[in-house]
Structures are given as C-alpha cells and as structure tokens.
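Working notes for the structure below.
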Amino acid sequence: MTDEWLVETSRRTEGLAVVGLLAVAVGAATGTGATLLLAVPVVGFALYDRLTTLDPPELVCERELETERPLPGRKVTVMLTVRNEGERNVPDLRVVDGVPGALSVVDGSPRSGLSLAPGESASFEYAVRTRRGSFEFEPTTLIARNLSGSRRARRTDAVETTMDCRVHPETYALDNRASLVSGMLDTARGGAGVEFHSTREYHSTDPANRIDWRRLARSGDLTTVTYRESKAATVQLVVDRSPGTDVSYAADGLTHAEYATYAAEMVAEMLLGAHHRVGLTTFGDSRDVIRPSTGDEHRLSLRRLFEGLDGAGTERPDPTATADEVADVTPNHTQFTLISPVVDDEFVDLATRLRAHGKSVVVLSPRQPRAETDGQRILLADRALRIDDLRRNGVTVFDWDTTEPIRIALEHRFGRAV
C-alpha cells in the first residue's frame with residue numbers, strides 16, 4: 001500500500017521577510033539608500049522561498065534481493081530502485097528503505113539522496129546479515145524537496161518483500177549431502193553389503209560369491225567374507241537452549257542459540273534425507289521430546305518444533321533429569337547428537353550422563369571466533385576446557401567454526417562417503 005503525499009511548508013524565511021520589510025521601511029523613512037540596497041536581496045530571497053512551489057512527484061519503488069531464501073548468517077545484498085514516472089524534475093529526493101528491525105546492515109547504507117529527471121531511475125545497494133526466521137521489509141520512506149527547500153513532500157511506499165531465512169531441504173541435494181554426516185553414525189554390523197567388514201569360517205549355506213577365493217588359493221583356508229551392512233541409524237538430536245546461549249559477540253549478531261538451532265535443523269534434514277530415524281529434544285526451560293522416527297508427518301513435526309524455538313530459556317535445566325528422560329523414552333540403540341556452544345558446565349554434565357547410560361554421544365559445537373573483549377576471550381578459554389573434559393569422557397566433539405558453512409564443515413570433518 002502506498003500512502004498519499006503529505007506536503008509541508010517550511011517557516012524558515014519568515015524572520016528574514018520581517019527583517020527585510022523593516023529595513024525597507026527604515027530606508028524609506030530615513031532616505032538611506034544603502035539600507036534599501038541591503039534589504040533587496042533579503043526580501044528577494046524570502047519572496048523566492050515563499051513563491052517556489054512543489055508538485056508531489058510520481059515515483060515508483062522496486063526492491064530486489066540477492067536471494068529471497070538465504071541460509072541464516074549469510075550476507076544478502078538488497079537493491080532499491082526509484083523511478084520518476086512524472087513529467088517534472090525531482091531535484092532533491094531523500095530515500096530511507098525499511099529494513100526489518102531484526103536484521104543488521106553490514107555493508108552500505110539503506111539511506112540515499114537522489115536527483116531524478118522525468119523518466120529517469122536510480123538505484124542504491126546495501127547488505128544485511130540474515131538470521132533465522134521470516135522477515136517482512138517495512139515501507140520505504142520518500143522525502144522530496146523543491147529547489148529552495150521551502151516545501152517538502154513525504155510519503156511511504158510499501159514494496160512487499162519477504163526474506164525467508166530457514167533451512168529449505170527442497171532446495172538442496174540432501175540425499176547426496178546425507179553421506180556427509182554418516183561419519184557421526186554407528187551402523188557397523190557384519191552382513192550383506194558393499195563395504196568389507198570381516199571374515200569368518202565358511203558355512204555350507206553361504207553363497208559362492210561370498211567365499212574368499214584369494215585366501216583359499218593362498219592358504220587353503222575356506223572362509224566367508226562379510227560386509228558392512230547398510231542399516232538406518234536412530235539418532236536423537238539435543239539442542240541447547242539454556243540461558244547462556246542467548247548471547248552473541250559475532251559481527252553478524254547471531255546468537256549461540258540461533259547457530260545451534262540452524263545446525264540442528266540442517267543435520268536433521270540431512271539424516272532424514274538418508275532415511276535415518278531422527279528425534280529431537282530441547283535442553284532449556286521446557287523439555288520438548290520428539291522420539292526418533294521417519295516419514296513426512298514426522299518431518300513436519302520436527303519442523304514445527306524448530307519454528308517454535310525462539311530465544312533461549314531463563315532457567316538452567318537439570319542435566320541429570322534431561323539425560324535420564326531421553327535415555328528412557330528412546331530405543332536402546334539410539335545415538336545422541338548434542339548441539340551446543342558448550343557455554344556452561346550443565347551441558348558437559350548432560351553429555352557425561354548420557355555416556356553413563358551407555359549411549360554413543362557426539363557433540364556438534366558452534367564456535368563464534370570473533371572475541372573482541374577480555375571477557376569474551378575468557379569465555380572461549382572456558383569453552384575449550386569443557387570440550388577437553390568431554391573428550392576425556394569419551395565424547396566425540398566436532399568444533400564448528402561458524403565462519404565456515406555447516407555443510408562444508410561437516411564434509412571436512414567426516415568426508416563424503418563412509
């Protein structure tokens with residue numbers, strides 16, 4: 001929706017007009033020519049300022065995003081174009097674009113000053129840092145002034161633009177990417193498959209293509225080759241939403257909790273795309289638990305829970321109670337992938353307690369590397385000590401540098417095919 005122009009008149013020359021008229025009166029009364037001569041430009045400027053008009057211009061705004069569906073944490077360029085569709089010049093136009101309040105401008109400026117001839121258009125660009133969620137751009141503010149600046153017209157132009165910053169699995173080759181996280185899964189069991197697992201004594205019921213003919217020729221021993229069996233894993237994701245995660249000291253402004261949620265959603269989609277069974281637990285004020293499963297309805301349930309994760313909790317959760325609950329409601333062979341910035345000891349206690357239940361535990365920890373204060377450096381050092389504690393307790397920790405895209409980071413850590 002586009003508002004009507006609101007025309008305002010400046011009162012800045014009223015004092016000059018009074019001074020000029022007084023000077024003319026004094027000059028006429030005293031017959032002083034110098035006074036009259038000095039009054040002429042003052043009165044002339046005041047008259048020009050008052051007589052200059054401003055017809056509201058005919059302007060059209062268009063906003064273009066580099067991408068309408070970026071991943072969280074990316075820098076996205078926004079280009080705003082203003083076109084003069086009227087028959088008059090617009091000598092002085094100020095434009096302020098309506099950046100969503102939750103997004104930060106990291107390059108350029110959403111403000112610009114333009115001058116447009118009839119039929120002419122002009123554009124300017126700026127960049128915002130995205131964060132998880134859907135964001136509507138606010139109306140663009142246009143302020144036009146006449147040459148003298150005595151009148152100005154103000155209007156807002158609502159250019160409907162939405163930036164949807166979420167994980168959109170349909171736009172990625174998730175079936176190919178799923179192998180990137182398979183290194184986190186324990187599915188090794190001897191059987192029929194394509195990857196060598198071990199050999200065993202030959203049984204009369206074994207097929208001929210499973211006989212180790214090379215060993216038979218070399219030593220005379222008749223053995224059967226077993227392969228790593230293809231089997232879906234059962235994984236329970238645990239996302240850290242404890243109070244200490246709702247902070248940020250990164251340039252992009254994303255909080256620890258936002259990074260953890262984004263990583264969890266991406267990993268969940270990768271695993272589901274590879275037909276693994278995936279569940280989800282939140283570690284915060286409320287303990288939401290979705291048990292591992294597969295299928296479209298289950299995927300929608302996970303997405304709805306991800307959508308509802310807004311901010312972090314206000315009370316520290318009980319790690320022992322959380323670990324006991326999720327260990328009790330999930331199958332015995334469930335593997336746990338814990339996603340957390342590891343900013344407090346409670347999360348270390350949670351992972352250690354799950355290990356005490358005999359569970360396989362992997363921690364995926366987003367790390368914001370831009371520590372700019374002594375306090376932030378201390379927090380990073382404390383985090384490193386906690387990660388050492390986790391590893392000493394048999395927990396696999398993947399330390400993710402958030403300046404690297406999560407997909408590439410997983411590829412570097414686990415490789416393409418396992």
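All residue numbers in this chain count up from 1 along the given sequence. All figures in this text were calculated on a predicted structure; none of them were measured in a lab.
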[X] [atom1] to [Y] [atom2] distance, which is reported to the nearest 0.5 Å:
X      : Y      : atom1 : atom2 : result
Arg94  : Leu114 : CZ    : CG    : 10.0 Å
Leu65  : Leu80  : CG    : CG    : 10.5 Å
Leu354 : Asp349 : CG    : CG    : 11.0 Å
Thr130 : Met163 : OG1   : CE    : 7.0 Å
Gln236 : Ser360 : CD    : OG    : 13.5 Å
Thr282 : Asp288 : OG1   : CG    : 4.0 Å

Do any N or O atoms from the side chain of [X] and from the backbone of [Y] form a donor-acceptor pair under 3.5 angstrom?
X      : Y      : result
Thr162 : Glu136 : no
Arg391 : Val397 : yes
Asn84  : Ala117 : yes
Lys359 : Asn332 : yes
Arg129 : Val106 : no
His298 : Gly279 : no

Query - Any side-chain donor near an acceptor of the partner, Glu64 and Thr81, under 3.5 Å - result: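 Per modelled atom types, Glu64 and Thr81 side chains form no pair under 3.5 Å.
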
Query raised in the report: Are a donor atom and an acceptor atom from the side chains of Thr140 and Asp97 found within less than 3.5 Å of each other?
Result: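 Yes, Asp97 and Thr140 have a side-chain donor paired with an acceptor closer than 3.5 Å.
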
Heavy-atom pair of closest approach, residues [X] and [Y]:
X      : Y      : answer
Arg299 : Leu272 : NH2-CB, 3.3 Å
Leu103 : Val99  : O-CG1, 4.1 Å
Ala264 : Val239 : CB-CG2, 3.4 Å
Leu116 : Ala122 : CD2-CB, 3.7 Å
Asn89  : Pro118 : OD1-CD, 2.9 Å
Asp344 : Phe347 : OD1-N, 3.3 Å

Query raised in the report: Hey, is CD on Glu325 packed in by over 12 heavy atoms from elsewhere, all under 6.0 Å?
Result: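 Counting neighbours around CD of Glu325, more than 12 heavy atoms of other residues, nucleotides or ligands fall under 6.0 Å, so yes.
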
Query raised in the report: More than 12 heavy atoms of other residues, nucleotides or ligands under 6.0 Å from CZ of Arg111: is that the case?
Result: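 No, the 6.0 Å shell around CZ holds no more than 12 heavy atoms from other groups.
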
Heavy-atom check, side chain of [X] versus side chain of [Y], under 4.5 Å:
X      : Y      : answer
His357 : Thr334 : no
Leu338 : Asp240 : no
Arg241 : Thr261 : yes
Ser365 : Arg383 : yes
His275 : Thr294 : no
Val128 : Phe135 : no

Report task. Would you please classify the geometry between the Tyr259 ring and the Trp400 ring as parallel, tilted or perpendicular, with 30° and 60° separating the classes? Result ->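 Taking Tyr259 first and then Trp400, their aromatic rings stand perpendicular (interplane angle over 60°).
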
Query raised in the report: Does the pair Asp389/Arg386 count as a salt bridge with the N-to-O cut at 4.0 Å?
Result: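 Arg386 and Asp389: not salt-bridged.
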
Report task. Answer yes or no: is there an ion pair linking Glu58 with Arg88, defined by an N-O contact shorter than 4.0 Å? Result ->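 A salt bridge is absent here (no side-chain N lies under 4.0 Å from a carboxylate O).
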
**Report entry** Of Leu142, Leu93, Val90, Val82, the residue whose pairing with Pro57 passes side chain to side chain contact (heavy atoms under 4.5 Å, CB included)
**Finding:**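 Exactly one option meets the side chain to side chain contact (heavy atoms under 4.5 Å, CB included) with Pro57, and it is Val90.
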
Query raised in the report: Taking it one step at a time, do Leu379 and Val343 satisfy side-chain contact (heavy atoms from CB on, under 4.5 Å)?
Result: CA-CA 7 Å; Leu379 291 176; Val343 295; over 6 Å; no

Query raised in the report: Going through the checks in order, is the side-chain contact (heavy atoms from CB on, under 4.5 Å) test met by Val267 and Val235?
Result: CA-CA 10 Å; Val267 171; Val235 182; over 6 Å; no

Report task. Apply side-chain contact (heavy atoms from CB on, under 4.5 Å) to the pair Leu280 and Phe306, showing each step before the final yes or no. Result -> CA-CA 9 Å; Leu280 179 64; Phe306 279 122; 3.9 Å; yes

Query raised in the report: Thr234 and side chain to side chain donor-acceptor pair (under 3.5 Å): which partner among Gln335, His333, Arg291?
Result: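 So, applying the side chain to side chain donor-acceptor pair (under 3.5 Å) to Thr234 and each of Gln335, His333, Arg291, only His333 qualifies.
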
Requested in this report: Quick one: do Tyr262 and Met266 satisfy side-chain contact (heavy atoms from CB on, under 4.5 Å)? Show the steps, please.
Outcome: CA-CA 6 Å; Tyr262 161 53; Met266 179 65 85; 4.1 Å; yes

**Report entry** Residues that Thr161 engages under side-chain hydrogen bond (donor to acceptor under 3.5 Å, both in side chains), provided they are two or more places apart
**Finding:**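 side-chain hydrogen bond (donor to acceptor under 3.5 Å, both in side chains) list for Thr161, sorted by chain: Arg63.
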
